[in-house]
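Have a look at the structure below before the remarks.
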Amino acid sequence: MTAVVPQVDQPVFLDVDSVREDFPILKEHVHGKPLIYFDNGATSQKPIPVIEAMHRYYLQENSNIHRGVHLLSTQATIAYEQARSKVKSFINAGSENEVVFVRGTTEAINLVAQTYGRQNVKSGDEIILTAMEHHSNIVPWQLLAKQNGATIKVVPMTDQGELIIDEYEKMFTPRTRLVAVVHVSNSLGTVNPVHHMVEIAHRHGVPVLVDGAQAVQHMPVDMRAMQCDFYAFSAHKMYGPTGVGILYGREELLQDMPPYQGGGDMIRSVSFEETTFNELPYKFEAGTPNISGGIAFDATIDYVNQIGMHRIMAYENALMRYATESLLNIPGLRIIGTAKTKASVISFVLDGVHPHDVGTFLDLEGIAIRTGHHCTQPVMTFFGIPATSRVSLALYNKKEEIDVLVEALHKVRKTFG
Amino acid sequence: MSDLKELYQDTILDHNKNPRNFHKMPDATLSLEGYNPLCGDHLFLYVKLDNDVITDVSFEGSGCAISKSSASLMTTVLKGKRVDEAISLFEKFHDLITSPMDKQPNTDGLGKLAVFSGVREFPARIKCAGLAWHTLKSALEGDQRTISTEQ
């Protein structure tokens with residue numbers, strides 16, 4: 001299968017019923033009701049080609065990579081490296097050397113914190129984060145700050161959930177060493193102006209890491225256009241397997257960074273006196289990776305490209321507008337996160353009903369949503385709420401499902417009101 | 001098949017809407033905070049003791065219907081109980097909400113607390129029902145720290 005390059009002029013029309021045929025799990029029943037899956041921000045469902053790629057690997061192709069001279073190993077190596085090339089094209093990176101396979105977004109961020117960070121962030125230096133980061137883009141920097149005696153500064157946001165860029169600009173000092181910012185907020189849905197934020201940081205000579213975990217499945221991302229220095233994302237939120245993620249890093253930076261973990265594959269030669277590290281990107285890939293996951297990720301990108309990211313984006317945006325308008329008709333419902341530019345995520349609170357009761361009630365209606373703090377406790381504190389209910393949409397969701405949700409939320413109000 | 005009515009029984013909905021003994025107690029013998037960081041259930045429990053006997057209990061805080069009604073119902077059954085009786089009630093209640101699905105739940109001696117028997121079918125909600133009770137047990141055993149269900 002060859003990748004289809006997304007075309008800007010693709011028609012907005014997306015045949016959702018035919019897309020749904022690709023996701024067998026959508027035919028399941030939960031508590032006796034047809035499953036309505038609105039927890040895509042946590043993980044998306046997987047289409048048949050992705051499941052089959054994984055299945056085929058273990059049935060017919062299983063072998064370790066970068067090692068054997070035998071045929072299966074050679075083929076597995078080629079398939080795994082082809083996945084890397086596919087990722088390179090998908091995000092428009094400069095070369096395969098800039099595409100590092102990791103377990104997921106979290107590991108990608110930890111990798112940067114413990115290599116680039118430990119090397120470049122010293123006592124008295126500053127790291128800029130934002131008020132809407134996921135815990136996984138806060139805690140690795142706190143660990144680093146503690147190790148190296150650095151401080152963390154936080155870009156504030158408005159009540160709509162938009163970063164205050166004027167404040168961001170004022171935060172840079174000669175001690176600023178890194179900016180880490182989320183591309184799309186997992187609890188608010190805000191799409192941050194990362195291109196602009198990178199430009200500002202670079203004016204001060206400061207590199208930027210962008211957490212793309214909630215972005216890559218909803219919009220085209222282009223490393224050479226964005227110019228960020230690091231970009232982290234996971235396969236499993238974009239219809240791919242769990243346990244596979246990507247760290248994109250600019251080659252010049254990756255070149256100078258020390259290795260992350262030691263082990264096989266990341267070395268060129270080892271003696272008890274000295275070890276020479278492997279070239280990029282293998283320097284950061286110690287041990288046998290998630291080979292089946294990598295190969296299934298290749299199939300994932302083919303699947304997404306076949307539909308077309310622009311078409312997915314247009315479809316999801318229309319669906320989100322419909323969902324937002326429908327939900328706002330429910331008395332006592334307030335949407336948390338009302339930024340001008342949003343993607344997929346609708347967080348809300350319902351007067352007098354705790355999100356966990358909403359979640360359990362909807363579950364019994366067959367509707368899966370996320371409730372809680374969404375690993376963004378500082379965001380909850382900012383809005384003065386313990387938790388929200390979150391609906392996060394994917395390309396296989398449809399208007400009829402939103403209607404069922406709205407109907408169920410009316411019942412929630414009746415039961416608890 | 002689990003259904004809505006089994007979990008959210010009328011008694012639970014009523015205690016959620018109109019929690020009993022829902023106030024601060026300035027002259028409490030024991031007071032302790034209970035917190036479930038995953039859900040955000042958060043309560044303060046107050047207990048007045050006369051020697052070994054609980055003479056008054058109250059609570060305040062916020063949380064889901066299960067945690068709030070569990071705290072409310074708990075306060076209604078403790079007055080006049082000795083500390084060891086309260087601890088034994090904790091154990092019975094704990095067994096009720098955590099008993100395996102293939103066994104009939106034992107509601108002996110639990111009275112109206114038996115309305116929480118449906119909770120065991122919802123593993124994600126067991127800690128909501130247990131928060132007030134865990135806080136009570138720790139308070140009676142002299143613990144000073146905030147009780148978290150995430151330990």
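Residue numbers start from 1 in every chain, and the chains themselves are labelled A, B, ... in the order their sequence lines are given, proteins ahead of strands.
- Rounded to the nearest 0.5 angstrom, A:L364 CG and B:F122 CZ are separated by 4.5 Å.
- In this structure, chain B has a heavy atom under 4.5 Å from the side chain of A:Q377, while its backbone stays farther away.
- The salt bridge (charged side-chain N to carboxylate O under 4.0 Å, His left out) test applied to A:E162 returns A:K340, not counting sequence neighbours.
- Interface with chain A: from residues 59-72 of chain B, residues B:G63, B:C64, B:A65, B:I66 qualify, criterion being any non-hydrogen pair under 4.5 Å.
- Looking at A:T415, both its backbone and its side chain come within 4.5 Å of chain B, counting heavy atoms on both sides.
- Residues of residues 76-100 of chain B never come within less than 4.5 angstrom of chain A, heavy atom to heavy atom.
- Atom CZ of A:R103 sits in a sparse spot, with 12 or fewer heavy atoms from other residues, nucleotides or ligands closer than 6.0 Å.
- No side-chain heavy atom of A:F361 sits less than 4.5 Å from a side-chain heavy atom of B:L7.
- Other residues, nucleotides and ligands contribute over 12 non-hydrogen atoms within 6.0 Å of the NZ atom of A:K27.
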Does the pair B:N16 and A:H354 meet the rule for a side-chain contact (heavy atoms from CB on, under 4.5 Å), with working shown? CA-CA 10 Å; B:N16 174 48; A:H354 192 279; over 6 Å; no
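- Environment of CZ in A:R20: crowded, with over 12 heavy atoms of neighbouring residues, nucleotides or ligands closer than 6.0 Å.
- Looking only at distances, no side-chain donor or acceptor of B:R125 sits under 3.5 Å from a matching main-chain atom of A:T360.
- Here the NZ-NE2 distance, from B:K127 to A:H356, works out to 6.5 Å after rounding to the nearest 0.5 Å.
- Under a cut-off of 6.0 angstrom, the local environment of CD in B:E141 is crowded, with over 12 non-hydrogen atoms contributed by other residues, nucleotides or ligands.
- Listed by chain and residue number, nothing satisfies the salt bridge (charged side-chain N to carboxylate O under 4.0 Å, His left out) test with A:E133 (two or more places apart in sequence, or in another chain).
- With hydrogens and angles disregarded, no donor-acceptor distance shorter than 3.5 Å links the side chain of B:K17 to the backbone of A:F416.
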